[in-house]
*Asks:* 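Please read through the structure below; I'll follow up with questions.
Sequence lines set the chain letters: A, B, ... in the order given, protein chains first and strands last, and positions in each chain run from 1.
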2 protein chains.
Amino acid sequence: MPAATGHEVLAAVLQVRADELQVLLWQRGMDPDRGRWALPGGALGADEDVEESVRRQLAEKVDVRGVTHVEQLGVFSAPHRVPGVRLVATAFLGLVPSDVDPAVPPDTAWHPVDRLPATAFDHAEIVEDARERLRAKLSYTNLGFALAPREFTVSALRDLYVAALGHPVSATNLQRVLTRRGVLAATGETAAPGPAGGRPAAVFRFTERALRVTDASAVLRPPGVRDSAGE
Amino acid sequence: MPAATGHEVLAAVLQVRADELQVLLWQRGMDPDRGRWALPGGALGADEDVEESVRRQLAEKVDVRGVTHVEQLGVFSAPHRVPGVRLVATAFLGLVPSDVDPAVPPDTAWHPVDRLPATAFDHAEIVEDARERLRAKLSYTNLGFALAPREFTVSALRDLYVAALGHPVSATNLQRVLTRRGVLAATGETAAPGPAGGRPAAVFRFTERALRVTDASAVLRPPGVRDSAGE
DNA sequence: GGGTGTTTTCGCCTGTTGGTCGAAAACAGG
DNA sequence: CCTGTTTTCGACCAACAGGCGAAAACACCC
């Protein structure tokens, strides 16, 4: 009696390329929406949950080792979001560090989230949700690790934040804030200066490459429990 | 070709009752999991999205006007989370103000989230997710409005936060923080003192009864843009 | 080799926020 | 009128983020 309901997973995979936040899309070769650009994904398999499914489907488009972070965005379930069939989608956000350039099939390409091509179904809406989720989480988590190479300079990290957030970020502040949160650590090495000279930049690394929420957002925290201010 | 996949919606409706955070559950009268307690919900209809569906299903259990806030928690999709059938669930968090006591069917009752009875399927996990989401959002949003009556004293609001957060909260701080964020406003009236006397408490109100995120969480904000500190 | 320009780094200052504490205000009851 | 209770308010302090400018460390050119 409940209508036969299919379930698909979709992934908005984001990466900063050429100082712009871009998303991985593939061009549909079949109707409906032939020629329009769609998010990677596909039908949920019988013996997998949605997390396993999205990783499996992504593996068909890119080298999954490049995708350092995957998290659930939400459910998109408008009755006619896909014409003809009843299809509920679980959308995901995926992040790729800026130093890798995974090989992709010929029908697949990166597009700046600011200038999307004609998109299929409700996928533009999903990309917008992914972008906002990224923006919010960059502020109060260490999610930057998923966009950055293993090692980087503060200015390189600053450029990533500028591209992802869409507004200027002070390098001074970025370093101080992240250091105080205890997620940044200097490696002791320095990078070679650019062609115009300049002081060699110190090389940093994220202390952990797993998502951690900053307690700074824990307003109204229990009494007596103060931040350790970076052990 | 994809296995016939059913889709259901489930709601973890939370309310502070008797100084404890409680969740609305109903006792299953049929197998599987007969006798165990389950979250309200049901199959997704053909002509509704999951948001519409959860409100419709909730209306069958409680007076929906009492539920002041509903938001998506996430998808639960373990292949055998419900024995026998393939059922994917979209879980929701619902909040009810502490001053209403909606009528519920005979098989339905409130249970403290700290002492859940035997629960059906993976519903205990969903309740735990709902509770953590509430805890997190109380800190950096004005979500308290959804747990509180339209008008209240600071100590009453403090008791709600204590019950929901599970740790002591300073009344002084709560008032100052919420006022500075611009979400609290004094009505000018005072409440009658308790039986033991004491100074009459001032009555407050939330300035808006819609979810708003505090910009305080927007660390690394654009330069020059400072908080208006409550106009 | 010294000056110039560039890039990064570091320290200081400021405004805001949240946590703590204690005093004062406003009530009931004896 | 005195005591006990509850609420309210102000003062103080530590932590934090943003802004700014000086100093450090390099490349290039004359």
*Asks:* Quick check: on DNA chain C, is the nucleotide nearest B/Gly194 upstream (toward 5') of the one nearest B/Arg199, or the reverse? Name the residue that is more 5'.
*Replies:* B/Arg199
*Asks:* May I ask you to evaluate whether B/Gln175 reaches the phosphate of D/dC9, defined as a side-chain N or O under 4.0 Å from OP1 or OP2?
*Replies:* yes
*Asks:* Atom NE2 of B/His167 and atom C1' of C/dG19: how far apart are they, to the nearest Å?
*Replies:* 13 Å
*Asks:* Looking only at the side chain of B/Ser155 (C-beta and beyond, no hydrogens), which of the listed nucleotides C/dT8, D/dG18, D/dT7 gets closest?
*Replies:* D/dT7
*Asks:* Without decimals, in angstroms, what is the distance between A/Leu174 CG and C/dC10 P?
*Replies:* 14 Å
*Asks:* Measure the distance from CG on B/Leu165 to P on C/dG19 and round it to the nearest whole Å.
*Replies:* 11 Å
*Asks:* Would you please confirm or rule out a distance under 4.0 Å between OP1 or OP2 of C/dG19 and any side-chain N or O of B/Asn173?
*Replies:* yes
*Asks:* Counting side-chain heavy atoms from CB outward, which of D/dC26, C/dG18, C/dC21 is closest to A/Pro200?
*Replies:* D/dC26
*Asks:* What residue among A/Leu73, A/Val75, A/Asp49, A/Val9 forms side chain to side chain contact (heavy atoms under 4.5 Å, CB included) with B/Val75?
*Replies:* A/Val75
*Asks:* Quick one: label A/Ala202 by what it contacts on the DNA or RNA (base, sugar-phosphate, nothing), any heavy atom closer than 4.0 Å.
*Replies:* sugar-phosphate
*Asks:* Would you please classify the geometry between the A/Phe206 ring and the A/Phe152 ring as parallel, tilted or perpendicular, with 30° and 60° separating the classes?
*Replies:* tilted
*Asks:* Given D/dA17, D/dG19, D/dT6, which nucleotide is nearest the side-chain atoms of A/Val177?
*Replies:* D/dA17
*Asks:* Taking all non-hydrogen atoms of both residues into account, name the closest pair between B/Arg181 and B/Ser139 and its distance.
*Replies:* NH2-O, 2.9 Å
*Asks:* For D/dA15, does the base pair up with any side-chain atom of A/Arg180 as donor and acceptor (N or O, under 3.5 Å, distance only)?
*Replies:* no
*Asks:* Heavy-atom nearest nucleotide on DNA chain D for B/Gly198 versus B/Phe204: which residue maps closer to 5'?
*Replies:* B/Gly198
*Asks:* Quickly work out the B/Tyr140 OH to C/dG18 P distance and round it to whole Å.
*Replies:* 15 Å
*Asks:* Side chain of B/Val154: nearest nucleotide among D/dA25, D/dT8, D/dG18?
*Replies:* D/dT8
*Asks:* Once you round it to whole Å, what is the distance between P of C/dC10 and CG of A/Leu178?
*Replies:* 15 Å
*Asks:* Side chain to side chain contact (heavy atoms under 4.5 Å, CB included) for B/Leu147 and B/Leu134? Distances and angles first, verdict last.
*Replies:* CA-CA 10 Å; B/Leu147 290 177; B/Leu134 172 62; 4.1 Å; yes
*Asks:* Among C/dT6, D/dA23, D/dT8, which is the nearest nucleotide to the side chain of A/Ala196?
*Replies:* C/dT6
*Asks:* Could you state the CZ-C1' distance from A/Arg158 to D/dA17, rounded to the nearest angstrom?
*Replies:* 17 Å
*Asks:* How close or far is atom C1' of C/dC12 from atom CZ of A/Arg176, stated in whole angstroms?
*Replies:* 11 Å
*Asks:* Answer yes or no: are there more than 12 heavy-atom neighbours, outside B/Arg55 itself, under 6.0 Å from its atom CZ?
*Replies:* no
*Asks:* When you measure from the side chain of B/Thr172, which nucleotide among C/dT20, D/dT5, C/dT7 comes out closest?
*Replies:* C/dT20
*Asks:* If you check the B/Pro193 side chain, which of D/dA17, C/dT9, C/dC27 turns out closest?
*Replies:* C/dC27
